Engineer: 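This structure is in structure tokens; I'll ask about it shortly.
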Amino acid sequence: MHGSTYVPKSGLSRWMDQRLPVMRLMHDTMLTFPTPRNLNIWYTFGGILTFCLAVQLVTGIVLSMHYTADTRFAFDSVEHIMRDVNYGWFLRYVHANGASMFFLAVYIHMFRGLYYGSYKAPREIIWILGVALYVLMMATAFLGYTLPWGQMSFWAATVITSLFSAIPLVGEPIVNWLWGGFSVDNPTLQRFFSLHYLLPFVIAAVVGLHIWALHVPGNNNPLGIDVKSPADTLPFHPYYTVKDLFYLVCFAIIMMAFVFYAPNFLGHPDNYQEGNPLVTPPHIVPEWYFLPFYAILRSIPDKLFGVIALFGAMATLVFVPWLDTSRVRSARFRPVYRQFFWILVADGILLGYVGAQPVDASLGGVIPLLYVGRLATFWYFAHFWIILPIIGIFETPKPVPDSIAKSVLHATPAE
Ligand code: HEM
């Protein structure tokens, strides 16, 4: 940690500083914080994610002033928001598309971490808190999707909660306990609403820890080498405040393009039909950001093992800092790892594609997608548990620059 350079300028700020030095904290973490001078566009996504969280909180709080968490009124209350509440349509579309944009940003943020080895020592805790955030985000999005009480809301809630019934002996009681009854019904909707309101605040608290943990070692950077001298860094403000703001505006423009021109593009038309326990939709699909996990779940023939694989896929991420045995952080200097990184990206997209198709679909009528899904699932686990540890041992990394300043200022083209 760098020493504080905050100097209180008025009597009041001196008084405050001796009692609750929040201004000092803000000054040291957001203005003067020494930040590597080579951070690129991919490092702006942490700030973008914080923005997404704030947008979801603000729009969510206002939406909940008009929403009714009762199965008799929930669907209509959403239509009331869309038609009668001033700018209700805007709030709802920002919130719904905001969730998608939040996930888009988090996937970019996570793959950035995987590419530059940001999870490696001394940043393991930042990474693990990140995984916790990701799981909390998924839980929050799942709970929120139930609230409009459309057909997909109802059936997604039924399918996902029923997964727990695969647990031997206690599965059935657990599912009934989650539902608050013997099917997804009013008690389920009410508790889902309560938890959907609660979890974003838990996320906000974990984000606080995530950023705190980041400020102890400071940012990693695209070269993956440590900061060695003040020449390697720049003060966070104005350099990164301006850069973050620029990309935030670009991101917001893309988000608003969805909100204004294609607000239902990422949604499912069935959710404009009220949830009906007597009519099962022919093809129940989750939102796009869950599709890779949905594919993993469905590719395992046994329900219990499918659920274990699903949760195993998320839990795997926790171990990444120790599964990667390489001494070099950044993929820029890891020619072999870099290839496997891109194969993993392709694998994730393939899993997403498989998850979106009906179970009995096939590629060109020849290769059943079930097998493609199984192969892609195998590859996902193999990447982390087999390939990552092995290439770290056998790969010969390219020479790493002596310092950030040298690499950036006496610009030898970096790749
Ligand atoms: C609500 C979600 C999240 C928020 C608001 C958030 C916020 C941030 C911020 C502000 C930074 C510093 C700026 C940057 O490096 O982009 C950061 C860094 C980082 N985050 Fe997140 N994050 C979130 C989720 C995640 C997830 C899901 C992971 C991984 C599983 C993760 C892993 C990391 C890592 C490893 C760093 C350090 C990067 C480096 O210094 O190279 N974060 N995060």
Side-chain angles (χ1 to χ4, degrees), residues 29-30 33-57 60 98-141 199-227 232-234 236-237 239-241 243-248 251 289 292-293 313-324 328-332 344 348 384 404:
T29 54
M30 287 159 80
F33 192 72
T35 313
R37 64 193 312 149
N38 59 339
L39 298 190
N40 56 21
I41 171 175
W42 309 115
Y43 277 77
T44 62
F45 278 86
I48 288 174
L49 282 163
T50 313
F51 164 79
C52 288
L53 179 61
V55 168
Q56 293 307 95
L57 276 166
S100 274
M101 296 302 286
F102 204 163
F103 275 95
L104 174 69
V106 92
Y107 283 127
I108 294 175
H109 190 68
M110 290 165 77
F111 277 104
R112 180 284 311 261
L114 289 172
Y115 192 83
Y116 296 127
S118 297
Y119 47 80
K120 292 175 86 68
R123 296 183 181 80
E124 302 93 322
I125 301 280
I126 311 174
W127 175 261
I128 291 171
L129 288 167
V131 177
L133 283 170
Y134 178 49
V135 173
L136 283 166
M137 278 174 64
M138 291 205 282
T140 310
L199 286 188
F201 295 96
V202 178
I203 293 179
V206 180
V207 168
L209 294 178
H210 187 64
I211 296 174
W212 184 8
L214 174 78
H215 279 92
V216 177
N219 296 74
N220 181 33
N221 62 83
L223 295 170
I225 56 177
D226 290 333
V227 166
D232 291 341
T233 64
L234 293 169
F236 191 78
H237 178 74
Y239 296 97
Y240 288 110
T241 41
K243 186 165 182 160
D244 281 358
L245 195 65
F246 175 75
Y247 286 108
L248 179 62
F251 183 85
Y289 37 84
F293 291 104
M314 295 176 202
T316 293
L317 296 174
V318 172
F319 300 99
V320 169
W322 297 277
L323 290 171
D324 183 351
V328 172
R329 286 197 194 104
S330 174
R332 277 202 185 169
L344 181 72
F384 290 108
I404 296 173

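Sequential numbering from 1 along the given sequence is applied to the chain's residues. Numbering of ligands and ligand atoms starts at 1, following listing order. When reading the values below, keep in mind they use all heavy atoms of this one structure, side chains included, and skip hydrogens, waters and symmetry mates. Everything quoted here is computed from the prediction, not taken from an experiment.
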Engineer: Within this structure, what is the CD1-CG distance for the pair Ile126 and Leu214, rounded to the nearest 0.5 Å?
Structural biologist: 4.5 Å
Engineer: Within the structure, is a non-hydrogen atom of Leu317 found at a distance of less than 4.0 Å from ligand 1?
Structural biologist: no
Engineer: Does Ile211 offer a backbone N or O that forms a donor-acceptor pair with the side chain of His215 under 3.5 Å?
Structural biologist: yes
Engineer: Have Asp324 and Tyr119 got a donor and an acceptor in their side chains that come within less than 3.5 Å?
Structural biologist: yes
Engineer: Would you please test Asp244 and Thr44 for side chain to side chain contact (heavy atoms under 4.5 Å, CB included) and show each step?
Structural biologist: CA-CA 5 Å; Asp244 281 358; Thr44 62; 3.4 Å; yes
Engineer: Distance to 0.1 Å, residue and atom name: give those for the protein heavy atom nearest to atom 27 (C) of ligand 1.
Structural biologist: Gly130 O, 2.9 Å
Engineer: Quick check for you: to the nearest 0.5 Å, what is the distance between Ile203 atom CD1 and Thr140 atom OG1?
Structural biologist: 3.5 Å
Engineer: Whether the Asn219 and Tyr240 side chains hold a donor-acceptor pair (N or O, under 3.5 Å, no angle test) is what I'd like checked.
Structural biologist: no
Engineer: Quick one: does ligand 1 sit under 4.0 Å from the side chain of Leu133, the backbone, both or neither, non-hydrogen atoms only?
Structural biologist: side chain
Engineer: For Asn219, counting its heavy atoms only, list the atoms of ligand 1 lying under 4.0 Å from any of them.
Structural biologist: 15 (O), 40 (O)
Engineer: Report yes if some heavy atom in the side chain of Leu223 is under 4.5 Å from a heavy atom in the side chain of Arg332; otherwise report no.
Structural biologist: yes
Engineer: Examine distances only and state if a side-chain atom of Asn221 and a backbone atom of Ile404 form a donor-acceptor pair shorter than 3.5 Å.
Structural biologist: no
Engineer: Which of the numbered atoms in ligand 1 are under 4.0 angstrom from any heavy atom belonging to Val207?
Structural biologist: 1 (C), 5 (C)
Engineer: Among Lys120, Arg123, His109, His215, which residue places a heavy atom closest to atom 18 (C) of ligand 1?
Structural biologist: His109
Engineer: Considering Asn220, Val106, Val131 one by one, which has a heavy atom nearer to atom 40 (O) of ligand 1 than any of the others?
Structural biologist: Asn220
Engineer: For ligand 1, is any non-hydrogen atom under 4.0 Å from Leu129's backbone (N, CA, C, O), its side chain (CB onward), both, or neither?
Structural biologist: neither
Engineer: Identify which of Met137, Met314, His210 has a heavy atom lying nearest to atom 22 (N) of ligand 1.
Structural biologist: His210
Engineer: So Leu53 and Thr50, side chain to side chain contact (heavy atoms under 4.5 Å, CB included) or not? Walk me through it.
Structural biologist: CA-CA 5 Å; Leu53 179 61; Thr50 313; 5.7 Å; no
Engineer: Looking only at protein heavy atoms, which one is nearest to atom 4 (C) of ligand 1, and how far off is it?
Structural biologist: Leu49 CB, 3.7 Å
Engineer: Does ligand 1 come near enough to Tyr119 that some N or O of the ligand is less than 3.5 Å from an N or O of the residue?
Structural biologist: no
Engineer: Which residue holds the protein heavy atom closest to atom 34 (C) of ligand 1, what is that atom called, and what is the gap in Å?
Structural biologist: Ile126 CG2, 3.7 Å
Engineer: Would you mind checking which non-hydrogen protein atom is closest to atom 15 (O) of ligand 1, with the distance to 0.1 Å?
Structural biologist: Arg112 NH1, 3.0 Å
Engineer: Which atoms of ligand 1 sit under 4.0 Å from any heavy atom of Tyr134?
Structural biologist: 27 (C)
Engineer: Counting distance only, does the side-chain N/O of Arg123 pair as donor-acceptor with the main-chain N or O of Ala213 below 3.5 Å?
Structural biologist: no
Engineer: Applying a heavy-atom cut-off of 4.0 Å, say which part of Leu214 lies close to ligand 1: side chain, backbone, both or neither.
Structural biologist: side chain
Engineer: Where the closest heavy atom to atom 16 (O) of ligand 1 is concerned, which of Gly46, Ser118, Cys52 has it?
Structural biologist: Gly46
Engineer: Check if Tyr116 has a non-hydrogen atom at a distance under 4.0 Å from any atom of ligand 1.
Structural biologist: no
Engineer: Quick one: does Trp127 get an N or O within less than 3.5 Å of an N or O on ligand 1?
Structural biologist: no
Engineer: Measure from the ring center of Tyr107 to the ring center of Tyr134 and say whether it is less than 6.0 Å.
Structural biologist: yes
Engineer: For ligand 1, which part of Thr50 has a heavy atom less than 4.0 Å away: the side chain, the backbone, both, or neither?
Structural biologist: both
Engineer: Can any side-chain N or O of Lys243 pair as donor or acceptor with the backbone N or O of Leu39 at less than 3.5 Å?
Structural biologist: yes
